[in-house]
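Input: a single structure, listed below in structure tokens.
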Amino acid sequence: MDEAQLIEKRKIAVSRLSEIVGAGKTEKRKLSTTEMRSFTETNSEIQEIDEQLANKNHTTQITQSRKMETTTFSLIKAIRSRAKGENLSPENLAIVEVGREEMRKSGLSFSGDIQIPLETRAVIMATSATSGQEVIAEQKLPMLESLQASLVLVQAGATFLNGLVGDVSIPTYAGTTSAWKGEGVDATDGAGATGEVTLTPKRLTTFIDISKQFLAQDSIGAESMLMAEIVKSIQGKLEGTIFGKEAVSATQPGGFFAVAPATLKGTATFANMVALETAVDTANALTTAKYITNAGGRGKLKTTVKVANMPNYIMESDGTINGYPTLVTNNVAKALQVGADEFGVVFGDWSQFVIGQWGAIDLTVDPYTQAGKGNIRVVINAYFDAKPKRAEAFAIASIK
């Protein structure tokens with residue numbers, strides 16, 4: 001199946017997902033068991049298609065041609081056109097319309113000049129003259145490199161849901177219990193408590209200033225750099241919030257350290273790290289668990305011995321702690337607890353954490369605010385939510 005067919009198949013799957021969620025939203029009810037199963041299967045299908053597209057987009061094709069005309073989307077050209085007050089060219093306009101269609105489906109208030117769905121792909125051409133011929137290297141790159149690949153959370157095993165429409169409810173169930181009874185004694189109801197985790201779109205916004213000199217570039221490097229900066233700005237704020245100290249609100253997800261660790265805090269010790277594992281294991285959530293901390297936390301754990309006067313450190317040379325992998329991102333909170341000098345550590349089963357994204361990446365081009373400096377300001381809007389499906393699957397600590 002070629003790339004165009006995969007993209008079309010993905011659009012159909014996203015539409016099907018929208019219908020499933022829309023039915024529950026219209027009737028103001030939770031999704032049924034059958035609908036939830038369909039939701040999960042369809043979302044898995046979308047993720048599988050995304051993986052196939054990612055594999056195709058990392059291949060490079062070499063084609064010979066004396067002359068080749070191409071009409072491909074260029075983010076730089078689109079921004080340049082909007083900054084000049086020009087209408088977008090047909091190929092760029094098509095991308096905008098795709099974004100606007102997703103906007104309409106999501107019901108979100110995108111209002112920018114350019115909406116760029118993450119699955120959009122750009123074909124970037126580079127030419128070199130050789131003996132009367134042009135060898136044209138065609139490299140297919142993601143229009144926006146995968147946000148998922150940039151997130152330590154996803155590397156740890158968190159679920160990333162994109163293409164969402166409306167609020168998403170994920171049912172939870174505490175499990176069925178059994179009890180011993182005598183002969184002729186009625187059985188007791190063993191049904192566990194049911195609940196739900198609801199994801200609601202929250203607006204994440206930032207801006208980047210781009211010089212007009214940079215916008216004059218048409219190179220692959222300039223285009224890739226701009227794409228990477230957009231992804232980095234989104235990824236940094238999203239993950240920084242999740243691993244931060246702010247409480248959940250109507251406008252943002254809550255951070256793991258919104259409430260400081262009550263007991264698992266202070267000097268880094270092997271016993272404290274094992275206590276994190278025990279807390280998660282007690283909740284029967286110790287399956288694919290991993291540690292996540294920041295660079296300062298890693299440094300402390302790599303230089304703190306398990307037992308005094310013994311050359312064994314809490315973090316092993318292979319980056320594991322007591323056999324569990326450790327991932328590092330400087331988005332994890334620091335300046336915690338006593339003297340505001342402790343580093344955050346989170347341990348848990350990351351398959352129990354979910355991140356949702358709604359609609360497209362929305363760009364508004366502002367040629368005026370930074371005009372005196374010769375810059376164009378690009379304001380970025382996107383919609384996300386993130387939270388654990390089971391809070392007891394995670395334990396936090398702060399160390400110094």
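- To the nearest 0.5 Å, the span separating CD1 on Ile321 from CE on Met315 amounts to 4.0 Å.
- Residue Val259 is found outside any hydrophobic cluster, as its side-chain heavy atoms come under 4.5 Å of no other Ile, Leu, Val, Met, Phe, Trp or Tyr.
- When all heavy atoms of Ile230 and Ser233 are compared, the closest pair comes out as O-OG, 2.7 Å.
- Annotation: Gln213, atom CD; neighbour count of heavy atoms from other residues, nucleotides and ligands within 6.0 Å does not exceed 12.
- For the side-chain hydrogen bond (donor to acceptor under 3.5 Å, both in side chains) with Arg377, the lone residue among Asp209, Thr369, Thr364 that qualifies is Asp209.
- Applying the salt bridge (charged side-chain N to carboxylate O under 4.0 Å, His left out) test to Glu392 and every residue at least two apart in sequence or in another chain returns Arg390.
- Looking at every heavy atom in both residues, Ile46 comes nearest to Ala13 through CG1-CB, 3.6 Å.
- Annotation: Lys237, atom NZ; neighbour count of heavy atoms from other residues, nucleotides and ligands within 6.0 Å does not exceed 12.
- The residue from Val365, Ile76, Ile79 that alone fulfils the side-chain contact (heavy atoms from CB on, under 4.5 Å) condition with Ile210 is Ile79.
- The closest side-chain heavy-atom distance from Pro325 to Lys290 is below 4.5 Å.
- Take Glu229 and apply the salt bridge (charged side-chain N to carboxylate O under 4.0 Å, His left out) test, not counting sequence neighbours, and it matches Lys232.
- Taking 4.5 Å as the limit, every side-chain heavy atom of Phe214 sits out of range of all side-chain heavy atoms of Asn375.
- Here the closest non-hydrogen pair linking Ile314 and Met273 is CG2-CG, 3.8 Å.
- Residues Ala386 and Pro253 come closest through the heavy atom pair O-CB, 3.6 Å.
- Note: Ile376 CD1 to Ile208 CD1 = 12.0 Å, rounded to the nearest 0.5 Å.
- With side-chain heavy atoms closer than 4.5 Å counting as contact, directly or through intermediates, Val328 stands alone and belongs to no larger hydrophobic cluster.
- Residues Tyr291 and Val274 fall within the same hydrophobic cluster, defined by Ile, Leu, Val, Met, Phe, Trp and Tyr side chains chained together at heavy-atom separations under 4.5 Å.
- With sequence neighbours left out, the side-chain hydrogen bond (donor to acceptor under 3.5 Å, both in side chains) criterion links Ser317 to no other residue.
- Using a 4.5 Å heavy-atom cutoff, the side chains of Phe243 and Asn294 are not in contact.
- Here the options are Leu161, Leu164, Asp167, the test is side-chain contact (heavy atoms from CB on, under 4.5 Å), and the partner is Trp358; only Leu164 passes.
- Residues Phe353 and Ile242 are in side-chain contact: their nearest non-hydrogen atoms beyond the backbone lie under 4.5 Å apart.
- With sequence neighbours excluded, no residue forms a salt bridge (charged side-chain N to carboxylate O under 4.0 Å, His left out) with Asp349.
- Note on Phe384 and Val154: same hydrophobic cluster, where clusters join Ile, Leu, Val, Met, Phe, Trp and Tyr whose side-chain heavy atoms are under 4.5 Å apart, directly or indirectly.
- Within a 6.0 Å sphere centred on CD of Glu48, heavy atoms belonging to other residues, nucleotides or ligands number 12 at most.
- By the ring-ring contact (aromatic ring centres under 6.0 Å, His included) test, Tyr313 pairs with no residue at all, sequence neighbours left out.
- To the nearest 0.5 angstrom, Leu327 atom CG is 9.0 Å from Leu153 atom CG.
- Applying the ring-ring contact (aromatic ring centres under 6.0 Å, His included) criterion to Phe394, with sequence neighbours excluded, gives Phe256, Trp350.
- Here the CG-CZ distance, from Asn381 to Arg203, works out to 4.0 Å after rounding to the nearest 0.5 Å.
- In this structure, Asp385 contributes its side chain and Thr200 its backbone to a donor-acceptor pair below 3.5 Å.
- In this structure, Val168 and Val354 have side chains that are not in contact, with every pair of non-hydrogen atoms separated by 4.5 Å or more.
- Take Glu246 and apply the side-chain hydrogen bond (donor to acceptor under 3.5 Å, both in side chains) test, not counting sequence neighbours, and it matches no residue.
- Between Ile7 atom CD1 and Ile12 atom CD1 the span is 12.5 Å, to the nearest 0.5 Å.
- Its side chain within the 4.5 Å cluster rule, Val379 clusters with Phe207 among the Ile, Leu, Val, Met, Phe, Trp and Tyr residues.
- No donor-acceptor pair closer than 3.5 Å links the side chain of Ser398 to the backbone N or O of Gly344.
- Annotation for Ala268 and Ile399: closest pair CB-CB, 3.9 Å, computed over non-hydrogen atoms.
- The nearest pair of heavy atoms linking Ala156 to Ile292 is CB-CD1, 4.0 Å.
- Residue Lys300 places its NZ atom among 12 or fewer non-hydrogen atoms of other residues, nucleotides or ligands, all under 6.0 Å distant.
- Through side-chain heavy atoms spaced under 4.5 Å, either directly or across other Ile, Leu, Val, Met, Phe, Trp or Tyr residues, Val307 is tied to Met310.
- Looking at Phe270 and Thr304, their side chains never come closer than 4.5 Å, going by heavy atoms from C-beta outward.
- A distance of 10.5 Å separates CD of Glu239 from CG of Asn330, quoted to the nearest 0.5 Å.
- Within the 3.5 Å criterion, the main-chain N or O of Ser38 finds a donor-acceptor partner in the side chain of Thr42.
- Counting non-hydrogen atoms of neighbouring residues, nucleotides and ligands closer than 6.0 angstrom, the NZ atom of Lys306 exceeds 12 such neighbours.
- Connection of Val248 to Leu199 is not established within any shared hydrophobic cluster, with ILVMFWY side chains joined at heavy-atom distances below 4.5 Å, either directly or through further cluster members.
- Every residue two or more places apart in sequence or in another chain was checked for a salt bridge (charged side-chain N to carboxylate O under 4.0 Å, His left out) with Lys9, and none qualifies.
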